[in-house]
Amino acid sequence: MYDRTLINASSPGDEITVVGWVHEVRDLGGLTFLLLRDRSGILQVKFEKETLSSETLSILDQLYRESVVLLTGMVVSEKRAPTGIELVPKTIEILALSDPNLPLDPSGKVTSELSTRLDKRCIDLRRIETRAIFEIRSEIQRSIRQRFYDIDCIEINTPKIVATGTEGGTDLFPIAYFGKEAFMNQSPQLFKQLVAGGGIERVFEIGPIFRAEEHNTTRHLNEATSIDFEAAFIDHEMAMEVAEDIISIAYHSVSENCPQQLHTLSLDGLSIPETPFPRISYDSAIEIANGSSDLSEPLEWGDDLSTQAERIIGSTMATHYFITDWPSEIKPFYIQNHDESPEISKGFDLMHPSMELVSGGQREHRYDSLIDALQNQGLNPIDFEFYVDMFRYGMPPHSGWGMGADRLVMSMLQLDNVREVVLFPRDRNRLAP
RNA sequence: GCCCGGAUGGUGUAGUGGCCUAUCAUACGACCCUGUCACGGUCGUGACUCGGGUUCAAAUCCCGGUCCGGGCGCCA
């Protein structure tokens with residue numbers, strides 16, 4: 001559209017055309033500085049009034065912050081300028097005028113509440129901090145995708161409209177489907193198993209999941225992005241190795257490729273968690289929690305870990321860690337149990353000190369055991385026929401996991417609300433934009 | 001689902017019964033200013049979530065609604 005030069009690619013002596021947003025105007029009287037912002041940075045433009053035409057002066061007068069302009073001119077070296085260079089303009093053209101009453105301040109002089117920022121996300125995206133978050137999120141997904149390809153995975157897409165839930169169907173969003181009962185899928189779980197256990201063996205998917213729980217926390221959403229992995233002929237131990245490798249590669253890539261964005265977020269020298277992550281059993285997790293005086297209610301074997309318990313264990317571990325050997329009864333039916341002690345499962349969780357990041361395990365691939373497991377959890381195998389039936393035709397041993405992409409970004413960037421890392425979050429009361 | 005908290009100019013805030021004709025910052029307008037970099041200075045514009053109640057008097061107390069934030073449960 002325009003043959004333009006990016007701000008960070010312009011150097012002294014260049015005759016350039018730049019386009020972008022008016023970040024700020026500083027009128028000193030005879031001299032006016034305009035700070036122009038594009039996706040690459042901010043450039044100071046100098047207007048000396050006595051050299052300007054009345055036309056240019058009147059344009060300058062209408063330029064509210066966040067208006068979009070096109071400027072041509074000469075880049076000069078100027079040590080008094082913030083970036084060491086400034087633009088001496090020849091022409092200025094307004095591409096889009098902005099209303100002066102901005103719904104939030106992209107220059108960051110006045111802070112805005114998260115809810116205001118989410119309501120006006122388009123304007124919020126003009127803040128360099130917000131942009132840094134999504135640039136990093138993209139790098140995380142790019143590097144993870146790359147790693148999956150490197151370990152021979154195929155990227156798949158499974159349906160988001162389903163007839164039945166993963167673990168029952170209580171917390172699903174019902175939708176109208178030509179007169180039939182249907183739901184938004186809460187997880188690709190069953191489908192990715194069918195693909196991995198089909199002929200493809202190694203698969204991954206990065207896609208949306210939907211949960212209808214009316215929770216109200218800073219780490220839950222009703223629409224989230226899940227990074228799913230599933231592979232045939234690997235056990236839960238190997239699946240854990242893949243999980244920690246994926247986390248590790250994400251940290252390394254961001255550290256290496258996003259120094260500018262990390263700096264913007266005051267995260268210079270991002271610390272990279274060391275692998276392998278410690279593995280602790282469910283039993284010792286309970287022990288750690290119960291050994292703390294901060295725990296208000298002691299846990300009994302078979303209880304799920306409370307948020308408080310998770311925090312206590314997290315601060316004790318002080319790094320990413322796995323919890324293994326969970327009681328079978330609190331893991332889903334598709335998780336395989338240890339043959340020698342069936343009350344213990346081959347399920348695992350990968351925890352960040354502040355929250356759960358990954359849930360996975362070795363799957364039950366034996367038809368009879370799977371039917372038993374379904375029934376033990378009060379589910380009707382008939383409801384899962386499309387899935388269960390396939391286990392009659394040579395389902396290989398397989399394992400996998402699902403990782404909360406939003407939580408990965410949130411925990412890496414030490415943000416206190418998952419909505420910060422989702423462009424247009426869906427929560428209990430937010431459905432737009 | 002249970003529980004707690006909040007709503008004041010465009011934005012972010014101060015204000016716990018009369019001192020509020022409501023503070024400050026930013027924004028916007030006018031004027032001054034040729035090296036700002038959160039530019040500065042002077043003046044100005046602009047707001048109490050809605051409905052009901054208590055009171056001589058309500059932004060402030062009470063009840064209800066709406067909207068929002070958060071904790072727990074559960075999970076990714």
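Chain letters run A, B, ... following the sequence lines, proteins first, then strands; residues in each count from 1. From a predicted model like this one, the values you see are computed outputs, not experimental measurements.
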Which part of the nucleic acid, if any, lies within contact of A/Val418, taking any heavy atom under 4.0 Å across all strands shown: a base, the sugar-phosphate backbone alone, or nothing?
nothing
Any A/Ser115 side-chain N or O less than 4.0 Å from OP1/OP2 of B/C68:
no
Does A/Arg219 make a side-chain donor-acceptor contact with the base of B/A76, cut-off 3.5 Å?
no
Nearest to the side chain of A/Asn216, which nucleotide is it out of B/U36, B/A76, B/G70?
B/G70
Would you mind classifying the nucleic acid contact of A/Leu357 as base, sugar-phosphate or nothing, using non-hydrogen atoms under 4.0 angstrom?
sugar-phosphate
Considering only atom P, compute the distance from B/U11 to B/A58 and round it to an integer number of Å.
27 Å
Measuring to OP1 and OP2 of B/G10, would you say a side-chain N or O of A/Tyr64 lies under 4.0 angstrom away?
no
Please evaluate the base of B/G35 for a donor-acceptor partner in the side chain of A/Glu48 within a cut-off of under 3.5 Å?
no
Counting only side-chain nitrogens and oxygens, does A/Arg311 get under 4.0 Å of the OP1 or OP2 atom of B/C72?
yes
Quick one: does A/Arg407 reach the base of B/C75 with a side-chain donor-acceptor pair under 3.5 Å?
yes
For B/G73, does either OP1 or OP2 sit under 4.0 Å from a side-chain N or O belonging to A/Thr307?
yes
Quick note, A/Pro100 side chain, CB onward, closest among B/A76, B/U11, B/C28 is B/C28
Suppose we define a pair by two distances each less than 3.5 Å, Watson-Crick or G-U wobble; what does B/C56 pair with here?
B/G18
Pairwise C1' distance, B/C31 and B/C67 [rounded to whole Å]
42 Å
Run the salt bridge (Lys or Arg N to Asp or Glu O under 4.0 Å) check on A/Glu244 and A/Arg279 step by step: do they pass?
CA-CA 11 Å; A/Glu244 66 194 353; A/Arg279 275 89 163 137; 2.8 Å; yes
Distance between C1' atoms of B/U54 and B/G73 (Å, rounded)
39 Å
Would you say the side chain of A/Glu113 and the base of B/U11 hold a donor-acceptor pair, judged only by whether the two atoms sit under 3.5 Å apart?
no
Any-strand Watson-Crick or G-U partner of B/A47, both distances under 3.5 Å:
none
For the rings on A/Tyr334 and A/Tyr387, is their centre-to-centre separation under 6.0 Å?
no
Hey, does the side chain of A/Thr32 come within less than 4.0 Å of B/U34's phosphate (OP1/OP2), counting only N and O?
no
Return the OG to CG distance between A/Ser345 and A/Asp325, rounded to the nearest 0.5 Å.
7.5 Å
For a quick check, tell me whether the side chain of A/Lys109 and the base of B/G12 share a donor-acceptor pair closer than 3.5 Å.
no
Measuring to OP1 and OP2 of B/A27, would you say a side-chain N or O of A/Asn101 lies under 4.0 angstrom away?
no
Taking the C1' atom in each of B/G9 and B/C24, what is the distance between them to the nearest angstrom?
13 Å
Taking the P atom of each, how far is B/G52 from B/G71, in whole Å?
35 Å
Taking 4.0 Å as the cut-off, does a side-chain nitrogen or oxygen of A/Asn222 come that near to OP1 or OP2 on B/C75?
no
Polar side-chain atom of A/Arg211 near backbone of A/Asp171 as donor-acceptor pair, under 3.5 Å:
no
Could you work out which one of B/C68, B/G35, B/C75 sits closest to the side chain of A/Asn429?
B/C68
Please work out if A/Thr116 contacts a base, only the sugar-phosphate, or nothing of the nucleic acid, heavy-atom cut-off 4.0 Å.
sugar-phosphate
What's the closest nucleotide to the side chain of A/Leu28 if the choices are B/G69, B/G71, B/G35?
B/G35
Options B/G35, B/G70, B/C72, nucleotide nearest the side-chain atoms of A/Thr218
B/G70
Distance between P atoms of B/C61 and B/G17 (Å, rounded):
8 Å
Which part of the nucleic acid, if any, lies within reach of A/Asp99 when heavy atoms closer than 4.0 Å are counted: base, sugar-phosphate only, or nothing?
nothing
Which nucleotide in the set B/G70, B/C33, B/G35 lies at the smallest distance from any side-chain heavy atom of A/Glu78?
B/G35
Check every strand shown and say whether A/Arg211 touches a base, only sugar-phosphate, or nothing at a heavy-atom separation below 4.0 Å.
base
Looking for any heavy atom pair under 4.0 Å, which part of the strands does A/Pro82 touch: base, sugar-phosphate only, or nothing?
base
Check if the side chain of A/Glu310 and the base of B/C75 share a donor-acceptor pair of N or O atoms closer than 3.5 Å.
yes
Taking A/Ser67 for its side chain and A/Ser98 for its backbone only, find out whether a donor-acceptor pair lies under 3.5 Å.
yes
Would A/Arg127 and A/Glu129 count as a salt bridge (Lys or Arg N to Asp or Glu O under 4.0 Å) if you check the C-alpha gap in whole Å, the side-chain angles of each, and the deciding distance to 0.1 Å?
CA-CA 5 Å; A/Arg127 301 171 60 244; A/Glu129 294 88 354; 3.7 Å; yes
Please work out which of the three classes, parallel, tilted or perpendicular, describes the rings of A/Phe229 and A/Phe148, given edges at 30° and 60°.
parallel
Distance between P atoms of B/G64 and B/C4 (Å, rounded)
12 Å
Only pairs with both distances under 3.5 Å count, Watson-Crick or wobble alike; so what is the partner of B/U23 in this structure?
none
Proximity to the side chain of A/Leu31 - top-ranked nucleotide from B/U11, B/U34, B/A76
B/U34
Of the nucleotides B/G70, B/G12, B/U36, which one has an atom closest to the side chain of A/Phe33?
B/U36
Please work out which of the three classes, parallel, tilted or perpendicular, describes the rings of A/Trp326 and A/Tyr282, given edges at 30° and 60°.
tilted
Sugar-phosphate only, base, or nothing, as touched by A/Glu223 at under 4.0 Å among non-hydrogen atoms
nothing
Is any side-chain N or O of A/His215 under 3.5 Å from a base N or O of B/C72, one able to act as donor and the other as acceptor?
no
Rounded to the nearest 0.5 angstrom, the CD1-CD1 distance for A/Ile246 and A/Ile144 is 5.5 Å
Indicate whether OP1 or OP2 belonging to B/G70 is found under 4.0 Å from a side-chain N or O atom of A/Arg419.
yes
What distance, rounded to whole Å, do you find between the two C1' atoms, one in B/G29 and one in B/U55?
42 Å
So which one's nearest nucleotide on RNA chain B is more toward 5', A/Arg430 or A/Gln308?
A/Arg430
